[in-house]
Amino acid sequence: GTASPRRAARVGCHTRRSVERAAPRVTRTGVPVKSENHKLSVTEKIGYGFGDLASNMFWQMFAIFMAKFYTDVFLLGAATMGTMMLVTRVADAFFDPMIGTIADRTETRWGHFRPYLIWMAVPMGLTAVLAFTVPDLDGTARTVYAYATLMLMMFAYSAINIPYSALLGVLTPDSKERTSVTSYRFVMALIPVFIIVNATLPLVRYFGGSDTSPYGWQMTMLIYSVIA
């Protein structure tokens with residue numbers, strides 16, 4: 001006999017669910033989403049970890065030697081430097097969520113976040129070298145240069161590091177794999193600490209002859225930027 005309308009509806013609903021389960025999930029750009037069982041290779045995990053190695057080459061340089069550079073080499077007063085650091089961090093606090101929103105809404109054939117790792121690599125290195133360059137300026141002009149280059153450097157760092165961090169969430173939907181990738185990332189992030197602590201001052205002395213040589217600091221930051 002003819003199937004009842006209720007039974008037909010149940011059959012149709014079951015068929016739709018079967019099709020949905022069979023069809024691969026895709027992103028808004030049409031790229032298939034990796035399945036829950038996808039396992040990242042060791043090479044992929046190390047490759048992702050290299051991103052933190054590169055970012056930490058800059059961050060450790062800023063964290064360990066920025067104050068020494070600005071007071072002993074750039075010759076900024078301690079109060080001026082402290083105010084500059086505060087202003088820069090406040091500005092960066094507003095910029096960080098903005099770049100996160102922009103990156104999430106970015107639509108390219110390479111996805112939302114990966115393009116920023118390519119687009120911002122050169123600006124990151126360039127602004128870092130400029131920040132560790134002592135200009136032939138005096139007084140207010142030198143202070144303005146310090147503010148501008150430090151702020152641009154922090155913006156460039158955020159523009160590459162925030163999308164990089166967000167990339168972890170789309171590498172794989174498997175939470176165990178994400179935890180594994182994070183462990184590789186943290187190990188790779190320790191390598192720059194060793195390099196910066198042990199190599200920076202010897203490199204500055206090699207290129208400039210002393211710990212306070214502007215040329216020595218500029219060349220050292222240039223080498224780190226090329227490596228990263």
Side-chain angles (χ1 to χ4, degrees), residues 51-103 116 120-166 186 189-205 207-208 210-228:
D52 235 1
L53 188 154
S55 292
N56 229 25
M57 288 291 290
F58 295 107
W59 186 254
Q60 292 302 324
M61 189 67 172
F62 309 155
I64 298 172
F65 289 111
M66 183 65 78
K68 174 180 175 60
F69 171 78
Y70 276 126
T71 55
D72 297 348
V73 183
F74 205 94
L75 301 179
L76 283 182
T80 301
M81 184 197 69
T83 303
M84 180 178 68
M85 294 289 188
L86 177 61
V87 171
T88 302
R89 292 300 175 88
V90 170
D92 196 49
F94 286 97
F95 182 76
D96 285 359
M98 183 172 65
I99 190 62
T101 301
I102 293 172
Y116 288 90
M120 297 307 301
V122 173
M124 177 71 254
L126 179 61
T127 55
V129 172
L130 290 175
F132 278 87
T133 297
V134 179
D136 187 19
L137 301 170
D138 296 313
T140 302
R142 177 175 286 213
T143 302
V144 170
Y145 177 91
Y147 267 85
T149 54
L150 179 60
M151 195 167 295
L152 286 173
M153 180 182 67
M154 295 304 297
F155 286 173
Y157 180 86
S158 295
I160 198 171
N161 205 55
I162 289 176
Y164 165 74
S165 299
F186 286 159
L190 294 175
I191 297 175
V193 179
F194 178 82
I195 296 174
I196 298 301
V197 169
N198 292 283
T200 298
L201 291 181
L203 282 172
V204 171
R205 297 187 196 109
F207 287 110
S210 72
D211 291 354
T212 57
S213 166
Y215 181 73
W217 284 94
Q218 183 187 49
M219 290 304 298
T220 299
M221 192 66 249
L222 177 61
I223 289 174
Y224 289 160
S225 296
V226 171
I227 293 173

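The model shown is predicted, which means the values in this text are computed figures rather than measured ones.
In this structure a side-chain-to-backbone donor-acceptor pair under 3.5 Å is present from Asn56 to Ala189. Side-chain atoms of Thr127 come within 3.5 Å of backbone atoms of Met124 as a donor-acceptor pair (strictly under, hydrogens ignored). For the pair Asn198 (side chain) and Phe194 (backbone), a donor-acceptor distance under 3.5 Å is present.
The OG1 atom of Thr88 sits 7.5 Å away from atom CE of Met85, with the distance rounded to the nearest 0.5 Å. A distance of 12.0 Å separates OG1 of Thr80 from CG of Leu75, quoted to the nearest 0.5 Å. Rounded to the nearest 0.5 Å, atoms CG (Leu201) and CD1 (Ile196) are 10.5 Å apart. For the atom pair OG of Ser213 and CE of Met219, the computed distance is 10.5 Å after rounding to the nearest 0.5 Å.
Two residues are said to be in side-chain contact when any heavy atoms from C-beta on lie closer than 4.5 Å; Phe207 and Ile223 meet this criterion. Taking 4.5 Å as the limit, every side-chain heavy atom of Phe62 sits out of range of all side-chain heavy atoms of Phe69. Side-chain contact between Met66 and Met81 is absent, with no heavy atoms from C-beta onward closer than 4.5 Å. By the 4.5 Å heavy-atom criterion applied to side chains, Thr143 and Leu76 are counted as neighbours. Annotation: side chain of Met57 is in contact with side chain of Ile195 (closest heavy-atom distance under 4.5 Å).
For Arg89, there are no side-chain hydrogen bond (donor to acceptor under 3.5 Å, both in side chains) partners at least two apart in sequence or on another chain.
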Note to self: Working note: Tyr70 + Phe74, criterion ring pair (Phe, Tyr, Trp, His ring centres under 6.0 Å); need CA distance, chi angles, decisive distance, verdict.
What the structure shows: CA-CA 5 Å; Tyr70 276 126; Phe74 205 94; 5.5 Å; yes
Determine whether Arg142 and Val134 satisfy the following criterion, side chain to side chain contact (heavy atoms under 4.5 Å, CB included), listing intermediate values before the conclusion. CA-CA 8 Å; Arg142 177 175 286 213; Val134 179; 3.7 Å; yes
Next item on the list: Quick one: do Met61 and Phe132 satisfy side chain to side chain contact (heavy atoms under 4.5 Å, CB included)? Show the steps, please.
Entry: CA-CA 10 Å; Met61 189 67 172; Phe132 278 87; 3.8 Å; yes
Please tabulate, for side-chain N and O atoms in residues 146-157, each donor-acceptor pair with protein atoms closer than 3.5 Å (sequence neighbours left out).
unit_1 : atom_1 : unit_2 : atom_2 : d
Thr149 : OG1    : Tyr145 : O      : 2.8
Thr149 : OG1    : Ala146 : O      : 3.4

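Taking every heavy atom of both residues into account, Val204 and Ser210 meet most closely at CG1-O, 3.3 Å. The two residues Pro163 and Ser158 make their nearest non-hydrogen contact at CD-O, 3.6 Å.
Listed by first and then second residue, the side-chain hydrogen bond (donor to acceptor under 3.5 Å, both in side chains) pairs involving residues 215-228 are Thr133-Gln218, Thr200-Tyr224 (not counting sequence neighbours).
With no hydrogens or angles considered, no side-chain donor-acceptor pair links Thr212 and Asp72 at under 3.5 Å.
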